[in-house]
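Inspection log for the structure reproduced underneath, given as structure tokens.
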Amino acid sequence: MSEPSLRVLLAELQIQDRIRELGAQIDADYPNGALHLVCILKGACFFLADLARAIEREVIIDFIGISSYGNRKTSSGAVKLTKDLDTAIEGADVLLVEDIVDSGVTLNYLVNVLQQRKPRSVRIAALLDKPERRLRPVEVAYVGFRIPDEFVVGYGLDYAERYRNLTDICILEEPRLA
Ligand code: IMP
Ligand code: MG
């Protein structure tokens with residue numbers, strides 16, 4: 001079987017420009033004090049690294065792990081915590097940093113988990129949003145790009161753990177059956 005092909009959807013410069021805008025918006029929106037950035041592993045790690053540097057206020061960085069899609073392209077619908085935060089978030093302004101919102105199952109679950117720890121606020125920053133695919137409601141305060149219902153890879157996003165290190169975000173196209 002031949003390899004799937006990659007088509008650029010969002011180029012590196014476009015992504016970086018948009019992240020600078022998001023950082024400025026976040027700086028303007030929050031009251032003084034540290035912002036607690038919670039990166040959802042693993043896909044959001046590049047977005048976290050660039051977004052954190054686009055924010056000028058003090059930030060605290062932490063990571064949370066959840067069960068992923070495995071090697072499939074569709075969600076199992078079930079979410080499991082595989083790594084918890086290292087820091088307490090009670091009274092904190094928390095910004096969950098995610099690569100892409102698809103069904104909304106992951107973020108709907110995580111927002112509920114974090115709310116139970118009594119932070120001052122919880123908001124979401126997602127680089128990509130596929131609104132057509134939503135199954136659970138999630139309010140995304142900061143969206144980088146709304147994209148069509150295509151499977152994308154690169155800039156942290158994977159298919160079966162591959163392609164995360166592409167600098168552009170690309171649509172993964174399956175080879176057509178002959
Ligand atoms: P949700 O719970 O369905 O919203 O799933 C969100 C997670 O699914 C993201 O954090 C990604 O890991 C993964 N995901 C959803 N769509 C894509 C895609 O197009 N490419 C790669 N991963 C995706
Ligand atoms: Mg993810």
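One-based numbering, in listed order, for ligands and for the atoms of each.
Using a 4.0 Å cut-off between heavy atoms, Leu157 contacts ligand 1 through its side chain alone, with no backbone atom that close. Heavy atoms of Asp158 found under 4.0 angstrom from ligand 1 belong exclusively to the backbone.
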Report task. Apply salt bridge (charged side-chain N to carboxylate O under 4.0 Å, His left out) to Asp129 and Arg134, showing your working. Result -> CA-CA 9 Å; Asp129 184 10; Arg134 204 70 91 249; 2.8 Å; yes
Report task. Evaluate side-chain contact (heavy atoms from CB on, under 4.5 Å) for Leu157 paired with Leu128, printing each intermediate quantity in order. Result -> CA-CA 10 Å; Leu157 291 145; Leu128 305 176; 3.6 Å; yes
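For ligand 1, the atoms sitting less than 4.0 Å from at least one non-hydrogen atom of Ser103 are 1 (P), 2 (O), 3 (O), 4 (O), numbered in the order shown with element in parentheses. Listed by atom number, the atoms of ligand 1 under 4.0 Å from Glu98 heavy atoms are 9 (C), 10 (O). Using a 4.0 Å cut-off to heavy atoms of Glu150, the atoms of ligand 1 that qualify are 19 (O). Residue Thr106 has at least one heavy-atom neighbour below 4.0 Å for each of these atoms of ligand 1: 1 (P), 2 (O), 5 (O), 6 (C). Distances below 4.0 Å separate heavy atoms of Asp102 from the following atoms of ligand 1: 1 (P), 3 (O), 4 (O), 5 (O), 15 (C), 16 (N). Counting the atoms of ligand 1 from 1 in the order shown, those under 4.0 Å from a heavy atom of Phe151 are 17 (C), 18 (C), 19 (O), 20 (N), 21 (C), 22 (N).
Residue contacts with ligand 1: Lys130 is included, with a non-hydrogen atom under 4.0 Å away.
In terms of polar-atom proximity, Gly104 is counted as a contact of ligand 1, with an N or O under 3.5 Å from an N or O of the ligand. Residue contacts with ligand 1: Val152 is placed with a nitrogen or oxygen under 3.5 Å of a nitrogen or oxygen of the ligand (distance criterion only).
The aromatic rings of Tyr155 and Phe46 lie tilted to each other, with the angle between the two planes from 30° to 60°.
Rounded to the nearest 0.5 angstrom, Ile169 CD1 and Glu150 CD are separated by 13.5 Å. For the atom pair Ile61 CD1 and Leu48 CG, the distance stands at 5.0 Å (nearest 0.5 Å).
Annotation for Glu21: atom CD counts as buried by contact number, over 12 foreign heavy atoms lying within 6.0 Å.
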Indicate every side-chain donor-acceptor pair of residues 84-92 with a distance under 3.5 Å to a residue at least two apart or in another chain.
| from | atom 1 | to | atom 2 | distance (Å) |
| --- | --- | --- | --- | --- |
| Asp84 | OD1 | Arg117 | NH1 | 3.0 |
| Asp84 | OD1 | Arg117 | NH2 | 3.1 |
| Asp84 | OD2 | Arg117 | NH2 | 3.0 |
| Asp86 | OD1 | Lys83 | NZ | 3.4 |
| Thr87 | OG1 | His36 | NE2 | 2.9 |
| Thr87 | OG1 | Asp62 | OD2 | 2.4 |

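No side-chain heavy atom of Asp27 sits less than 4.5 Å from a side-chain heavy atom of Leu35.
Of the candidates Ile147, Asn108, Ile100, Leu135, it is Ile100 that places a heavy atom closest to atom 6 (C) of ligand 1.
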